[in-house]
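Bear in mind the structure is a predicted one, so any value in this text is a computation, not a measurement.
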Amino acid sequence: MSNTVPRVTRPYDQAELDDAVRNRGAVVLAGAYTTDQCDTFLTEVEKYLAENPREAEYAAKSVLGGFQGDTTGTLHGLIGTIPSAPEMVMQRDIVDCARRVLKPLSDNILLTIAEYMARKPGAFRQELHLDTFSWHRVPPSENPIALTVMAAMSDFTADNGATWVVLDSHSGPATAPPPDWSEAVQAEMKKGDALLFRADLFHAGGANTTEADVRQIFSMGFQVGWLRQVENGTLSVPPEKAAELEPELQELLGYSHELVLGLYKGGHPRNAIHTA
């Protein structure tokens, strides 16, 4: 099989998209976001961080900030703080693909996380890892329990650390040893492209060996509705803020339930929004 990350162009073929994610583990959606969407998002993030410098300090000291290291700037809790974040999360092709691919294991899906990352010059190459390690007690399956998205808000190049993936390395246990680096390939992308991959696929952020090229990333994930999220959506976006969002996004944040999991006072969590 080819060791090149599958790539789909608009109009995206659903069957081709889903097949690449399920069977190769990853796919690039060319032009998932427009240049204007990327520029607006980055401008809003820059403005928010300038007005709230303590947020950057908090993020740097957080659990996820510690994993990324001091050469990567991060911002979490985007929905409710960054005006364009809801539109970025609700990219229709990506959300619909997540629903289809995760359907065998869950009737509903949740937003795992939505974050901004800036991989600066000097950022190290991460070790190959699995995002499913967050749920390492869940047995492996041919069907994924979660998907990860890395959207290029600036070009992803080999030199600035484009994400590495190991195609066909999915479906194993979350504690499996990583494969050899010789099996990995970088997903170079143009601004606006998005890399969508199974959370049980080995991957890693690359080293940024440039002098001044910051790799700008909008990252998010989707998961089955019965797993705990990485980012607590209902704390990040409490009911009074969630009331301003469209119902589908409310449910993705956690104002939803899977059978009897996640109920509020025995009923639907959206009732907390209606009474806020």
Exercise. Let me see the working for Ile273 and Gln250 under side-chain contact (heavy atoms from CB on, under 4.5 Å), right down to the final yes or no.
Key: CA-CA 9 Å; Ile273 297 174; Gln250 292 171 351; 3.6 Å; yes
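- Between the side chain of Gln91 and the main chain of Ala32, a donor-acceptor pair closer than 3.5 Å is present.
- Residues satisfying the side chain to side chain donor-acceptor pair (under 3.5 Å) criterion with Asp18, sequence neighbours excluded, are Arg100.
- With sequence neighbours excluded, the residues that form a salt bridge (charged side-chain N to carboxylate O under 4.0 Å, His left out) with Asp107 are Lys103.
- Hydrophobic clustering (ILVMFWY, side-chain heavy atoms < 4.5 Å, transitive): Leu252 and Ile94 are in one cluster.
- The backbone N or O of Ala174 lies less than 3.5 Å from no partner atom in the side chain of Thr132, so there is not a single donor-acceptor pair.
- Listed for the Thr81 side chain is a donor-acceptor partner under 3.5 Å among the backbone atoms of Gly77.
- Two residues are said to be in side-chain contact when any heavy atoms from C-beta on lie closer than 4.5 Å; Val5 and Leu195 meet this criterion.
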Quiz item: Is there a side-chain contact (heavy atoms from CB on, under 4.5 Å) between Leu110 and Leu227 once you walk through the steps?
Solution: CA-CA 8 Å; Leu110 294 171; Leu227 280 180; over 6 Å; no
Kindly list each side-chain donor-acceptor pair under 3.5 angstrom involving residues 139-153, sequence neighbours excluded, with atom names and distances?
{"unit_1": "Ser141", "atom_1": "OG", "unit_2": "Asn143", "atom_2": "N", "d": "3.0"}
{"unit_1": "Ser141", "atom_1": "OG", "unit_2": "Asn143", "atom_2": "O", "d": "3.3"}
{"unit_1": "Thr148", "atom_1": "OG1", "unit_2": "Asp131", "atom_2": "OD2", "d": "2.7"}

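- With rounding to the nearest 0.5 Å, the separation of CG in Leu78 from OG in Ser236 is 9.0 Å.
- Side-chain atoms of Asp19 never come within 3.5 Å of backbone atoms of Glu16 as a donor-acceptor pair (strictly under, hydrogens ignored).
- With Phe124 as the aromatic partner, Arg119 meets the cation-pi criteria of under 6.0 angstrom to the ring centre and within 45 degrees of the ring axis.
- Under the rule for a ring pair (Phe, Tyr, Trp, His ring centres under 6.0 Å), Phe156 has no partner lying at least two apart in sequence or in another chain.
- Considering only heavy atoms from C-beta on, Val21 stays 4.5 Å or farther from Phe197 through its side chain.
- Judged purely by atom type and a 3.5 angstrom limit, Glu44 has no side-chain atom pairing as donor or acceptor with the backbone of Ile82.
- Annotation: salt bridge (charged side-chain N to carboxylate O under 4.0 Å, His left out) contacts of Arg99 (sequence neighbours excluded): Glu248.
- Under the 4.5 Å side-chain contact rule for hydrophobic residues, Val166 and Val185 do not share a cluster.
- The shortest side-chain heavy-atom distance between His257 and Pro269 falls under the 4.5 Å cut-off.
- Within the 4.5 Å cutoff, the side chain of Val89 has heavy atoms near those of the Leu249 side chain.
- Annotation: the span from Leu111 atom CG to Gln229 atom CD amounts to 7.0 Å, rounded to 0.5 Å.
- Atoms CD1 and OG, on Ile217 and Ser154 in that order, are 7.5 Å from each other to the nearest 0.5 Å.
- Each of Leu167 and Leu128 belongs to its own hydrophobic cluster when Ile, Leu, Val, Met, Phe, Trp and Tyr are linked at side-chain heavy-atom distances under 4.5 angstrom.
- With sequence neighbours left out, His274 forms a ring pair (Phe, Tyr, Trp, His ring centres under 6.0 Å) with no residue at all.
- Centroid-to-centroid, the aromatic rings of His129 and Phe202 stay 6.0 Å apart or farther.
- Thr210 places no side-chain N or O within 3.5 Å of a backbone atom of Asn160 that could act as its donor or acceptor partner.
- Proximity of Leu253 to Leu245: side-chain heavy atoms (C-beta onward) are separated by under 4.5 Å at one or more points.
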Exercise. Begin with the C-alpha distance, continue with both residues' side-chain angles, and end with the deciding distance and a verdict on side-chain contact (heavy atoms from CB on, under 4.5 Å) for Val27 and Val8.
Key: CA-CA 7 Å; Val27 66; Val8 294; 4.1 Å; yes
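- Using a 4.0 Å cut-off between charged nitrogen and carboxylate oxygen, Lys47 and Glu51 count as a salt-bridge pair.
- Residues Pro121 and Glu211 are not in side-chain contact: their nearest non-hydrogen atoms beyond the backbone lie 4.5 Å or more apart.
- Counting only heavy atoms from C-beta outward, the side chains of Ile113 and His76 approach each other to under 4.5 Å.
- The same ILVMFWY cluster, assembled from side-chain heavy atoms under 4.5 Å apart, contains both Met220 and Leu102.
- Between the Thr112 side chain and the Val230 main chain, no donor and acceptor come within less than 3.5 Å of each other.
- A distance-only check finds a donor-acceptor pair linking the side chain of Arg198 to the backbone of Arg22 [under 3.5 Å].
- Heavy-atom contacts from other residues, nucleotides or ligands closer than 6.0 Å to CZ of Arg54 number 12 or fewer.
- To the nearest 0.5 angstrom, Arg215 atom CZ is 7.5 Å from Met117 atom CE.
- Look at Arg10 and Asp93 and you find a salt bridge, because one of the NZ, NE, NH1 or NH2 atoms lies within 4.0 Å of a carboxylate O, short of that distance.
- For residues 215-250, the set of pairs meeting the ring pair (Phe, Tyr, Trp, His ring centres under 6.0 Å) definition, not counting sequence neighbours, comprises Phe41-Phe218.
- For Gln37, the side chain to side chain contact (heavy atoms under 4.5 Å, CB included) criterion is met by Tyr33, Thr34, Glu87, Met88, not counting sequence neighbours.
- The distance from the CG atom of Asp96 to the OH atom of Tyr12 is 12.5 Å, given to the nearest 0.5 Å.
- Residues forming a ring pair (Phe, Tyr, Trp, His ring centres under 6.0 Å) with Phe133 (at least two apart in sequence, or on another chain): His136.
- Between the CD atom of Glu251 and the CD1 atom of Ile109 there is a distance of 10.0 Å, given to the nearest 0.5 Å.
- Taking the side chain as every heavy atom from C-beta outward, Leu29 and Met189 never approach each other to under 4.5 Å.
- Looking at Gln186, its side chain does come within 3.5 Å of a backbone N or O of Ala162 through a donor-acceptor pair.
- One hydrophobic cluster holds both Leu49 and Leu42 under the rule that ILVMFWY side chains link at heavy-atom gaps under 4.5 Å.
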Exercise. Start with the C-alpha distance between Leu75 and Glu115, add both sets of side-chain angles, then the distance that settles side-chain contact (heavy atoms from CB on, under 4.5 Å), and finish with yes or no.
Key: CA-CA 6 Å; Leu75 180 65; Glu115 61 182 329; over 6 Å; no
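- No more than 12 heavy atoms of other residues, nucleotides or ligands lie within 6.0 Å of CD in Gln14, so this atom counts as exposed by the packing criterion.
- Counted by atom type alone, Thr157 and Glu188 present zero donor-acceptor pairs between their side chains at under 3.5 Å.
- With sequence neighbours excluded, the residues forming a ring pair (Phe, Tyr, Trp, His ring centres under 6.0 Å) with Trp164 are Trp181, listed by chain and number.
- Counting non-hydrogen atoms of other residues, nucleotides and ligands closer than 6.0 Å to OH of Tyr58 gives a total of 12 or fewer.
- Partners of Asp193 under the salt bridge (charged side-chain N to carboxylate O under 4.0 Å, His left out) rule, at least two apart in sequence or in another chain, are Arg7.
- Side chain of Tyr264 to main chain of Tyr255: no donor-acceptor pair is present (N/O by atom type, distance under 3.5 Å, no hydrogens or angles).
- With hydrogens and angles left out, the side-chain atoms of Asp180 and Ser182 include a donor and acceptor closer than 3.5 Å.
- Every pair tested for ring pair (Phe, Tyr, Trp, His ring centres under 6.0 Å) that includes a residue from residues 89-120 fails, sequence neighbours excluded, so the list is empty.
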